[in-house]
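What follows is a set of notes on a single structure, which appears directly below.
What's counted below: heavy atoms across the whole structure, side chains too, no hydrogens, waters or symmetry copies. These numbers come from a predicted model, not from an experiment. In the text below, chain A, chain B and the rest are named by the order of the sequence lines, each starting its count at 1.
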Protein chains: 2
Amino acid sequence: MILTVTLNTALDITYRVRNLTPHTSHRVTEVTERPGGKGLNVARVLAALGHEATVTGFVGGTTGRVLREQLSRTTGVVDALLPIAGTTRRTVAVVDATGDTTQLNEPGPAVTPAEWSAFQEAYEHLLADASAVALCGSLPQGVPVGAYAGLVRAARTANVPVLLDTSGEPLRRGVAARPDVVKPNAEELAELTGSHEPFRAARDARRRGAHAVVASLGAEGQLAHTAEGHWRATPPRRLRGNPTGAGDSAVAGLLSGLVERLPWPERLARAVALSAATVLAPVAGEFDRAVYEELVGQVRVTGEASAA
Amino acid sequence: MILTVTLNTALDITYRVRNLTPHTSHRVTEVTERPGGKGLNVARVLAALGHEATVTGFVGGTTGRVLREQLSRTTGVVDALLPIAGTTRRTVAVVDATGDTTQLNEPGPAVTPAEWSAFQEAYEHLLADASAVALCGSLPQGVPVGAYAGLVRAARTANVPVLLDTSGEPLRRGVAARPDVVKPNAEELAELTGSHEPFRAARDARRRGAHAVVASLGAEGQLAHTAEGHWRATPPRRLRGNPTGAGDSAVAGLLSGLVERLPWPERLARAVALSAATVLAPVAGEFDRAVYEELVGQVRVTGEASAA
């Protein structure tokens, strides 16, 4: 199975309203609710691609209970979340007639030192059965800033390929622990390296320790710097839609490609097509399978393999 | 016990944010959550005043389960809510640094004809032990618009004094069934009677069937038209604060006064003081007991009793 770690899970709520006007009252016309946090989104896409996915991380309180109930109805995703005393956060995305989103994010729970220790132990047990692991998203309060570095090292010790998708100081420290893949967006990459030129920044991120760097460039696709070569993958046409979850779908594409031992150009084509099929899907964070299958053959990948 | 009916219960969530700016992302700094819907608020104030309160109405889904859990921790309030297949709504109040509120109200559940029948039966059983009943708030989908008229008649048949606090067509039909008290605000009263002059409108509402009409005039207090006379009650000073729940506290004041057989001027003084103590409380919908006890003796009541 492929393991995904989400230390800061969330219940993602989407409200549709006509027009969001501060200091007035709104009738919500549509409510959707789903288990969230980046690793949970990645696992859902992996399951849709036919991979067995197990999710771990923290969950707690009444919102945590609702999240687990909904997760139990998601085919192909196994719940290995650890219960904590704190309460899982909700995120509320208010979408109005413009199609734009106003986001309200509850603070996450605080994790105790004992809970963090218990997680590390459970994580090592889960690694024993994992063919790959993705470490996804922000860290909740109480988890040390070097947490991902430790989890990367544990995965490498267990010989499990590890992908890291986070930002800021947790990314900086995590990269130094030499993960197999990091997947920053252009902004995260610039914050890590100080360079706003993605190709140069990706190369620099590799020097800092990551074996492969896949930078997402939004609508322009993705750029990969790896030991096997460097490539750029571009969707066949300009896409308009909701980018929520597009990065998580890309992670699922990269991870499934890694486990299936696809060559890098094919992994990137899959990641870009999944990402595009997520942007184009009517429901935020879901991907449109027909669109994915149509696009995956049309993604343009350019670049070159390194000399062996 | 005093019975309160809330057909459209809600889980009331309050988010504090710095500044609500549409189409941007916000960190919520504080989350509070409590069982809501007008009758539940009334019951909580009744319990705080030392009265036994029982709440009934509909509850369902995961939000309904959270609501009941929280209600079970409310001392003095007995849960006689009826489970339904639909899901109880949430309301999200976003309070920013201006102190103003942006409200997002989920649609309520749809109630089936069988659920509505089951409720009417349960309600008649509950009336047997009730010293008074309050019918509060909007009607969920699936409940007939004449619902309150039927519940008023059942209460009168059971010899239980009944207060109706709703608006629009359910109020219009409910008034015709001759409730003991209706408590519209100035706007609801104008909608019912066509008159924007509260004294005249309250008199007209009595002619339409209500035995007593108590109109809330916001910061200016309350006005009562009853068979025993007509009065006006004014808080001792101008109040600034959050009016959420002020009307529900007033209903609790009127109902407790009715059950304790207080003369009308004392009932009104209590209702106005509770309402003011709710506006002044730091938490929306709670009342400040010290403020209530200070104000209740200072409310100015003018008017006259009818000739016997």
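The environment of CD in B:Glu187 is sparse: at most 12 heavy-atom neighbours from other residues, nucleotides or ligands sit within 6.0 Å.
Residue contact with chain B, scored on non-hydrogen atoms closer than 4.5 Å, is absent for A:Thr91. Using a 4.5 Å cut-off between heavy atoms, B:Ser25 contacts chain A through both its backbone and its side chain. With a 4.5 Å cut-off on non-hydrogen atoms, B:Glu30 does not touch chain A at all. Residue A:Val94 touches chain B through its side chain alone, counting heavy-atom pairs closer than 4.5 Å. With a 4.5 Å cut-off on non-hydrogen atoms, B:Val92 touches chain A through its side chain but not through its backbone.
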Worksheet entry | Evaluation steps, side chain to side chain contact (heavy atoms under 4.5 Å, CB included), between B:Leu104 and A:His26 | CA-CA 5 Å; B:Leu104 297 159; A:His26 304 78; 3.9 Å; yes
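Under a 3.5 Å cut-off, the side chain of A:His23 and the backbone N or O of B:Thr101 do not form any donor-acceptor pair.
One distance of note links CZ of B:Arg90 with CD1 of A:Ile13; it measures 3.5 Å at 0.5 Å rounding. Separating the CD atom in B:Glu33 from the CD atom in A:Glu106 is a distance of 7.5 Å, to the nearest 0.5 Å.
Nearest heavy atom pair, residue A:Thr102 against residue B:Leu20, reads CG2-CD1, 4.3 Å. Across every non-hydrogen atom of B:Val31 and A:Pro107, the tightest pair is CG2-CD, 3.9 Å.
By a heavy-atom distance cut of under 4.5 Å, not one residue of residues 72-89 of chain A is near chain B.
Of all the listed residues (B:Val17, B:Asp96, B:Thr29), the one sharing the greatest number of non-hydrogen pairs under 4.5 Å with chain A is B:Asp96.
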